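Please see the structure below; I have some questions.
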Amino acid sequence: MFTEITFENAQQALIESSLNQTVVVQFYSPSSPACEPISQQLAALAQQYPGQFALTRLNMDELAPLAAQLGVGQAPAILILQQGRPVDGTNDFSQATAVSDLIARHLPKPEDLALTAALGELEQGNVEAALTAARDAYSIDQQRSDIKFALIRALLENRKAEEAEQLLDSLPLEDQQADYQALRSQLELLQAAADSPEIRALEEQLAAAPDNLQLRLDLAIQYSQNGRNEEALESLFSMLKQNLDVLDGQVKKHFLDMLVTLNGEAIASTYRRQYYSLLY
């Protein structure tokens, strides 16, 4: 669990590793009874928060000059390294929670973990998992632009143009730079693809025969298949308000199937409540 620091691996284990994740260094002496309980607490925290920090230790009896370079003169002590430099630490363990309090200050926030997961899933092409993780991050912090950008990317990859456009429009002017323009272009391409010849033909036919329910259903299905979910749900619901069993229940089936597919999204919750109001 601990990486033992030596002169040979110190540069990699302490400085280089801390460029990518938080590194916790325990300074200990085998002859000091006070060090072992601290080791046990650190090991337990590493198990409780797997992968969220790298756990190392340095033997002061053997590597006192190296510890001195890091500003530590005696054991027991703990040092936190991030981005190649010390950022926190303690040699005061008089409080029972000293170790856990120190580590807690430097654990990744839940929204950061979700954001990292979303970006990783996007890189792997797992667009549905990416969208779930991005939504989790956004549910915690709806102000951070980096989270918004990740969610917009995931929405576009999942062909959810309407929601992506709303988020793009909410970005402040200072964030409307290169990444914003790239996402806006991707959105425009998705919207153009969603306006297919099949959709335009159905829209023209429906305009000529607005009471044709089968045409309205066919158009709603095309909308949903092209990511135009709000238009699809609104069209289907407008028919259900007139008759829950319209077209032998086909409209209800497609409406409920869409709600299942969009489960967890705000639009699904909105239309699910409206549907229940028709039932009761």
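Note that the structure is a prediction, hence the values are computed from the model and not measured.
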key: Separation of Glu4 CD from Leu63 CG (nearest 0.5 Å)   =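 Separation between the atoms: 8.0 Å.
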task = Using atom types as modelled and distance alone, determine if a side-chain donor or acceptor of Thr6 lies under 3.5 Å from a backbone N or O of Asn9.
result =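 Yes; at least one donor-acceptor contact below 3.5 Å.
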request  = Could you point out which residue of Thr97, Leu42, Thr90 forms a side-chain contact (heavy atoms from CB on, under 4.5 Å) with Leu102?
outcome  =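 For Leu102, the side-chain contact (heavy atoms from CB on, under 4.5 Å) check succeeds only for Thr90.
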task = Compare all side-chain heavy atoms of Val23 with those of Phe53 and state whether any distance is below 4.5 angstrom.
result =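 They are not in contact (no side-chain heavy atoms under 4.5 Å apart), so the answer is no.
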ask   = Going hydrophobic residue to hydrophobic residue with side-chain gaps under 4.5 angstrom, can you get from Phe237 over to Leu213?
value =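 Same hydrophobic cluster.
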Polar side chain donor-acceptor pair, Asp218 to Gln214, under 3.5 angstrom =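 Yes, because at least one side-chain N or O of Asp218 sits under 3.5 Å from a partner of the opposite role on Gln214.
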request  = Would you give the length of the straight line joining atom OG of Ser269 to atom CD1 of Ile267, rounded to the nearest 0.5 angstrom?
outcome  =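 Reported value, rounded in 0.5 Å steps: 10.0 Å.
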query = Charged N to carboxylate O below 4.0 Å: is that the case for Lys253 and Asp257?
reply =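 Yes, Lys253 and Asp257 are salt-bridged.
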ask   = Any ion pair linking Asp169 and Arg184 (charged N to carboxylate O, less than 4.0 Å)?
value =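 Salt bridge between Arg184 and Asp169, a charged N being under 4.0 Å from a carboxylate O: yes.
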Donor-acceptor contact present, side-chain Ser224 to main-chain Ile221, <3.5 Å =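 Confirmed, Ser224 side chain pairs with Ile221 backbone.
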Side-chain donor-acceptor contact under 3.5 Å, Tyr271 with Glu234 =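 Looking only at side-chain atoms, Glu234 and Tyr271 do form a donor-acceptor pair, the distance falling under 3.5 Å.
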task = Would you mind telling me which of His254, Met258, Lys252 makes a side-chain contact (heavy atoms from CB on, under 4.5 Å) with Leu256?
result =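 Only one option passes, and that is Lys252.
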request  = Answer whether the closest heavy-atom distance between the side chains of Arg144 and Asp141 falls below 4.5 Å.
outcome  =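 Yes, at least one pair of side-chain atoms sits under 4.5 Å.
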request  = Give, for atom OG of Ser31 and atom CG of Asp61, the distance between the pair rounded to the nearest 0.5 Å.
outcome  =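 The CG atom of Asp61 is 5.0 Å from OG of Ser31, to the nearest 0.5 Å.
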ask   = So with a 6.0 Å cut-off around CD of Glu198, is the heavy-atom count from everything else above 12?
value =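 More than 12 heavy atoms, drawn from other residues, nucleotides or ligands, come within 6.0 Å of this atom.
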query = Should Glu163 and Lys160 count as an ion pair when the cut-off is N to O under 4.0 Å?
reply =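 Judged by the 4.0 Å cut-off on N to carboxylate O distance, Glu163 and Lys160 do not form a salt bridge.
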ask   = Any chain of hydrophobic side-chain contacts (each under 4.5 Å) joining Phe2 to Leu14?
value =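 Hydrophobic grouping puts Phe2 apart from Leu14.
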key: Residue pair Ile147 / Gln142, side-chain heavy-atom distance below 4.5 Å   =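 No; the side chains remain at least 4.5 Å from each other.
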key: In one Ile/Leu/Val/Met/Phe/Trp/Tyr side-chain cluster, 4.5 Å: Tyr275, Leu217   =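 Yes: a chain of side-chain contacts under 4.5 Å links Tyr275 to Leu217.
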ask   = Is it true that atom CZ of Arg153 has more than 12 heavy atoms of other residues, nucleotides or ligands lying nearer than 6.0 Å?
value =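 No.
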ask   = Quick one: does Arg272's side chain have a donor or acceptor within less than 3.5 Å of a partner on Leu259's backbone?
value =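 Yes, Arg272 side chain to Leu259 backbone: donor-acceptor pair under 3.5 Å.
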request  = Please confirm whether the backbone N or O of Asp248 pairs with a side-chain atom of Asp245, one donor and one acceptor, at under 3.5 Å?
outcome  =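 Between the backbone of Asp248 and the side chain of Asp245 there is no qualifying donor-acceptor contact (under 3.5 Å).
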query = Hey, are the side chains of Leu279 and Tyr276 touching, using non-hydrogen atoms and a 4.5 Å cut-off?
reply =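 Yes, side chains in contact.
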Under 3.5 Å side-chain donor-acceptor pair for Ser94 and Asp92 =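 Yes - a donor-acceptor pair under 3.5 Å links their side chains.
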task = Determine whether more than 12 heavy atoms belonging to other residues, nucleotides or ligands lie under 6.0 Å from atom CZ of Arg85.
result =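 Open: at most 12 neighbouring heavy atoms sit under 6.0 Å from CZ of Arg85.
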ask   = Given side chains that start at C-beta, do those of Glu128 and Glu121 come closer than 4.5 Å, heavy atoms only?
value =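 In short, these two side chains do not touch, never coming nearer than 4.5 Å.
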query = Can you tell if the side chain of Val25 reaches within under 4.5 Å of the side chain of Arg57, non-hydrogen atoms only?
reply =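 They are not in contact (no side-chain heavy atoms under 4.5 Å apart), so the answer is no.
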query = Where is the tightest heavy-atom contact between Ile5 and Ala13, given as atom of each residue plus distance?
reply =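 Scanning both residues completely, I find the closest heavy atoms to be CD1-CB, 3.7 Å.
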request  = Test His106 against Gln52 for side-chain contact (heavy atoms from CB on, under 4.5 Å), laying out the working first.
outcome  = CA-CA 9 Å; His106 299 281; Gln52 296 190 28; over 6 Å; no
key: Criterion side-chain contact (heavy atoms from CB on, under 4.5 Å) on Phe149 and Leu171, from CA distance to verdict   = CA-CA 9 Å; Phe149 275 118; Leu171 288 169; 3.8 Å; yes
ask   = Any side-chain heavy-atom pair from Leu233 and Phe255 closer than 4.5 angstrom?
value =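 Leu233 reaches Phe255 side chain to side chain.
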ask   = For the atom pair CD (Gln26) and CE (Met60), what is the distance rounded to the nearest 0.5 Å?
value =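 It is 11.5 Å, given to the nearest 0.5 Å.
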Please table the atom pairs, donor to acceptor, closer than 3.5 Å between any side-chain atom in residues 64-83 and protein atoms at least two apart or in another chain.
from: Gln82; atom 1: NE2; to: Thr22; atom 2: OG1; distance (Å): 2.8
from: Gln83; atom 1: NE2; to: Leu19; atom 2: O; distance (Å): 3.1

task = Please lay out, stage by stage, how Gln41 and Ser100 fare under the test side-chain contact (heavy atoms from CB on, under 4.5 Å).
result = CA-CA 8 Å; Gln41 290 181 64; Ser100 58; 5.7 Å; no
query = Is there a path from Leu131 to Val127 through hydrophobic residues (I, L, V, M, F, W, Y) whose side chains come within less than 4.5 Å of each other?
reply =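 No: no chain of side-chain contacts under 4.5 Å links Leu131 to Val127.
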message = Can you tell whether the side chains of Glu162 and Arg228 come within less than 4.0 Å, N to carboxylate O?
response =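 Answer for the salt bridge query: no.
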query = Checking side-chain contact (heavy atoms from CB on, under 4.5 Å) for the pair Asn212/Gln205: CA distance, chi angles, key distance, verdict?
reply = CA-CA 9 Å; Asn212 189 319; Gln205 294 174 47; over 6 Å; no
inquiry  = For a quick test of reading the model, state the closest non-hydrogen atom pair linking Gly84 to Ser18 and the distance between them.
reply    =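 Reported closest heavy-atom pair: N-OG, 2.8 Å.
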ask   = Would you say Thr56's side chain and Val24's backbone share a donor-acceptor pair under 3.5 angstrom?
value =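 Yes, the answer is positive, given that a donor and an acceptor are paired below the 3.5 Å cut-off.
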request  = Would you mind checking if Arg216 and Glu203 are paired as a salt bridge, meaning a charged N to carboxylate O distance below 4.0 Å?
outcome  =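 Not counted as a salt bridge, because no side-chain N and carboxylate O are separated by less than 4.0 Å.
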ask   = How many angstroms lie between atom CG of Leu236 and atom NZ of Lys241, to the nearest 0.5 angstrom?
value =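 One gets 12.5 Å once the value is rounded to the nearest 0.5 Å.
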query = Counting only heavy atoms not in Gln124, do more than 12 fall under 6.0 Å of its CD?
reply =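 12 or below, so no.
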task = Check whether Ile140 and Tyr138 end up in the same hydrophobic cluster, where Ile, Leu, Val, Met, Phe, Trp and Tyr are linked by side-chain heavy atoms less than 4.5 Å apart.
result =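 No, no single cluster joins them.
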ask   = Just by distance, do the side chain of Asp112 and the backbone of Pro108 share a donor-acceptor pair under 3.5 Å?
value =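 Not a single qualifying donor-acceptor pair exists.
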Pairwise side-chain contact, Ile152 with Glu165, heavy-atom cut-off 4.5 Å (strictly under) =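 In short, these two side chains do not touch, never coming nearer than 4.5 Å.
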ask   = Which distance, rounded to the nearest 0.5 Å, do you find between the CG of Leu215 and the CD of Glu204?
value =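 Here the interatomic distance stands at 12.0 Å.
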Backbone of Cys35 reached by a side-chain donor or acceptor of Ser39 within 3.5 Å =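 Yes, because the side chain of Ser39 sits within donor-acceptor range (under 3.5 Å) of the backbone of Cys35.
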ask   = Taking Ser235 for the side chain and Ala220 for the main chain, is one N or O donor matched with an acceptor at less than 3.5 Å?
value =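 No, the answer is negative, given that no donor and acceptor are paired below the 3.5 Å cut-off.
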